[in-house]
Engineer: 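I'd like to ask some things about the structure below.
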Amino acid sequence: MSSIPKTEQSTSSQGFRKTGEQAISQTPLHPRRRSRRIMVGPVPVGGGAPISVQSMTNTVTADINATLQQIAELAAAGCDIVRVAVPSQDDADALPIIAKKSPIPVIADIHFQSKYVFQAIDAGCAAVRVNPGNIRKFDQVGPEICKAATDAGISLRIGVNAGSLDKDIYARYGGPTPEALVASALKEAHMFEDVGFHDFKISVKHHDPVTTVQTYRLLASKGDWPLHLGVTEAGPSWQGTIKSCLAFGALLAEGIGDTIRVSLSAPPVEEVKVGCKILEYLGLRQRHFDIISCPSCGRAQVDVIELAKEVTEGLKDITAPIRVAVMGCIVNGPGEAREADLGVASGNGKGQIIIKGKVVQTVPEDQIVPTLLERAKEIAAQMDAKAAAQGEILPEAGPMVVPVTGRAS
């Protein structure tokens, strides 16, 4: 992918955090699809750039303090780009302050009222989500939107959800099929490209993960637009997480997708946590704290469920890429613990604490958790200090690139 442009680093007077320093991000599973690159503020999207995680606030945007507070929480969880709803004039009026004070780029979500699009652009938003299908008289205002976006140097997001498919296309294809969703997306793309505007990404969301995968595969074969992945209306946290993991895992493993949003009927920060972990486990984002724990079974001689829960809670704020193994018996315990940075093999009322494959301590069962937490924090601090000494960007600094040295065996 040497033809893809080098890093398009940007630092912002608004205090945006930096994005990953390498321009190209690959997965060990499959070469990334070639797509053109756009910018959402300082965050590159497409063209092999690190895949970014997005979410959307659920506050009333006009409540500036509440919205900024939630954006801060999302950024702390690893969110790279945030979208805010703009259904009213009060919301549009709040955009200048929100765009200026947000630690991450803000996308204004606009439906129906084209005047809010222009206000969002003037407010300094990094991008605007425009839905041509429900913007009144879009054939007339579309070229004006493109000119305003071009003059401001911002990008747009377009695309269709299964629930908002054009009636004519719905009737022609008999429903929100992959072919129908792609036809709608292509129609929108041509509206912009026909007036010379190309700085946009496309989403084609469906609530069914299989249909979502089929749709994005089809769209990916039609052009080089950056693609925003999403399973729309995915449901409550547990159900939506499974749907998103299935769809994103299949697509990202094929190199399809440039930015993602996990849509959950849950607090937005939960969307970010799931999105970041999907990228981590696919080798597309630097790994943070990871726990390996065995399932509950009749061989376990300790309460593995409770142990794993307590260790996870105690290390939830660790950002260093430390892997901790919590094992409950002698069958797999010693071996798994040896492969982790830190581990415990439990049984007979005690636990063997293992660091880098060596037993360093044996403690009573009631001391397993506090000992693991103490040791884990020491190792994490050493990792952070080493990274800082080598001038590396720490995980919380933005979307990271995971160097790939070869195919996974």
Side-chain angles (χ1 to χ4, degrees), residues 28-29 77-78 236-239 241-242 244-246 249 253 266 269-270 272-387 394-396 402 408-409:
L29 299 174
S237 186
W238 66 272
Q239 176 179 300
T241 294
I242 294 170
S244 297
C245 287
L246 288 171
V269 72
E270 297 303 316
V272 175
K273 291 178 181 178
V274 174
C276 288
K277 283 300 179 185
I278 290 174
L279 297 184
E280 286 179 32
Y281 292 140
L282 284 171
L284 285 163
R285 178 174 283 225
Q286 182 168 321
R287 179 172 54 84
H288 289 205
F289 160 62
D290 187 26
I291 186 167
I292 301 168
S293 59
C294 55
S296 58
C297 78
R299 294 193 303 267
Q301 297 178 331
V302 296
D303 188 344
V304 176
I305 296 174
E306 187 59 31
L307 274 182
K309 184 188 300 183
E310 291 181 23
V311 172
T312 300
E313 178 63 23
L315 298 179
K316 65 180 180 181
D317 296 324
I318 295 292
T319 58
I322 182 174
R323 180 173 282 128
V324 179
V326 178
M327 310 304 295
C329 80
I330 61 172
V331 175
N332 295 316
E336 291 286 1
R338 280 196 301 269
E339 294 300 312
D341 299 298
L342 169 69
V344 60
S346 308
N348 296 323
K350 58 188 177 182
Q352 288 186 326
I353 306 299
I354 303 171
I355 297 179
K356 295 295 184 181
K358 295 182 179 180
V359 177
V360 297
Q361 189 178 0
T362 300
V363 298
E365 184 175 325
D366 63 357
Q367 291 300 306
I368 289 176
V369 171
T371 303
L372 275 181
L373 295 182
E374 180 182 357
R375 293 279 190 169
K377 290 174 182 177
E378 290 173 357
I379 295 172
Q382 294 168 5
M383 288 180 169
D384 286 341
K386 182 179 178 181
L394 299 178
E396 65 269 26
V402 178
S409 58

Engineer: With a 6.0 Å cut-off (strictly less than), is the heavy-atom count around CD of Gln361, excluding the residue itself, greater than 12?
Structural biologist: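 Yes - once you tally the heavy atoms of other residues, nucleotides and ligands closer than 6.0 Å, there are more than 12.
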Engineer: Nearest 0.5 angstrom please: Arg375 CZ to Ile353 CD1, how far?
Structural biologist: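 Atom-to-atom, Arg375:CZ and Ile353:CD1 are 7.5 Å apart.
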Engineer: Ignoring hydrogens, what is the shortest heavy-atom contact between Cys294 and Val304? Give both atom names and the distance.
Structural biologist: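 Minimum heavy-atom contact is O-CG1, 3.3 Å.
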Engineer: Apply side chain to side chain contact (heavy atoms under 4.5 Å, CB included) to Gln352 and Val360, showing your working.
Structural biologist: CA-CA 8 Å; Gln352 288 186 326; Val360 297; over 6 Å; no
Engineer: Would you check if Leu342 and Ile354 make a side-chain contact, meaning some heavy-atom pair closer than 4.5 Å?
Structural biologist: no
Engineer: So, does Ser293 use its side chain to make a donor-acceptor pair with the main chain of Val326 at under 3.5 Å?
Structural biologist: no
Engineer: Does Ile305 have more than 12 heavy atoms from other residues, nucleotides or ligands lying within 6.0 Å of its CD1?
Structural biologist: no
Engineer: Compare all side-chain heavy atoms of Val344 with those of Met327 and state whether any distance is below 4.5 angstrom.
Structural biologist: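 The answer is no; the side chains never approach within 4.5 Å.
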Engineer: Which atom pairs, donor and acceptor, lie under 3.5 Å between side-chain atoms of residues 275-282 and protein residues at least two apart or in another chain?
Structural biologist:
residue	atom	partner	partner atom	Å
Lys277	NZ	Glu280	OE1	3.1
Lys277	NZ	Phe289	O	2.9
Glu280	OE1	His288	N	3.2
Tyr281	OH	Asp290	OD1	2.8

Engineer: Between Val324 and Leu315, is there a side-chain heavy-atom distance shorter than 4.5 Å?
Structural biologist: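 Heavy-atom side-chain distance check passes, below 4.5 Å.
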Engineer: Output all residues satisfying salt bridge (charged side-chain N to carboxylate O under 4.0 Å, His left out) with Lys358, sequence neighbours left out; order by chain, then residue number.
Structural biologist: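 Testing Lys358 for salt bridge (charged side-chain N to carboxylate O under 4.0 Å, His left out), a comparison that skips the adjacent residues, returns none.
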Engineer: With a 4.5 Å heavy-atom cut-off, do Ile291 and Val311 have their side chains touching?
Structural biologist: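 Yes, side chains in contact.
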Engineer: Any idea which heavy atoms bring Asp384 and Ala320 closest together, and the distance?
Structural biologist: OD1-CB, 3.6 Å
Engineer: Hey, what do you get for CZ (Arg323) to CD1 (Ile379), rounding to the nearest 0.5 Å?
Structural biologist: 13.0 Å
Engineer: Shortest non-hydrogen contact from Gly78 to Arg285?
Structural biologist: O-NH1, 3.3 Å
Engineer: With rounding to the nearest 0.5 Å, note down the distance linking CD1 in Ile322 to NZ in Lys377.
Structural biologist: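 Those atoms lie 11.0 Å apart.
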Engineer: Side-chain polar contacts of residues 362-374 - donor-acceptor pairs under 3.5 angstrom, sequence neighbours left out - could you list them?
Structural biologist:
residue	atom	partner	partner atom	Å
Thr371	OG1	Gln367	O	2.6

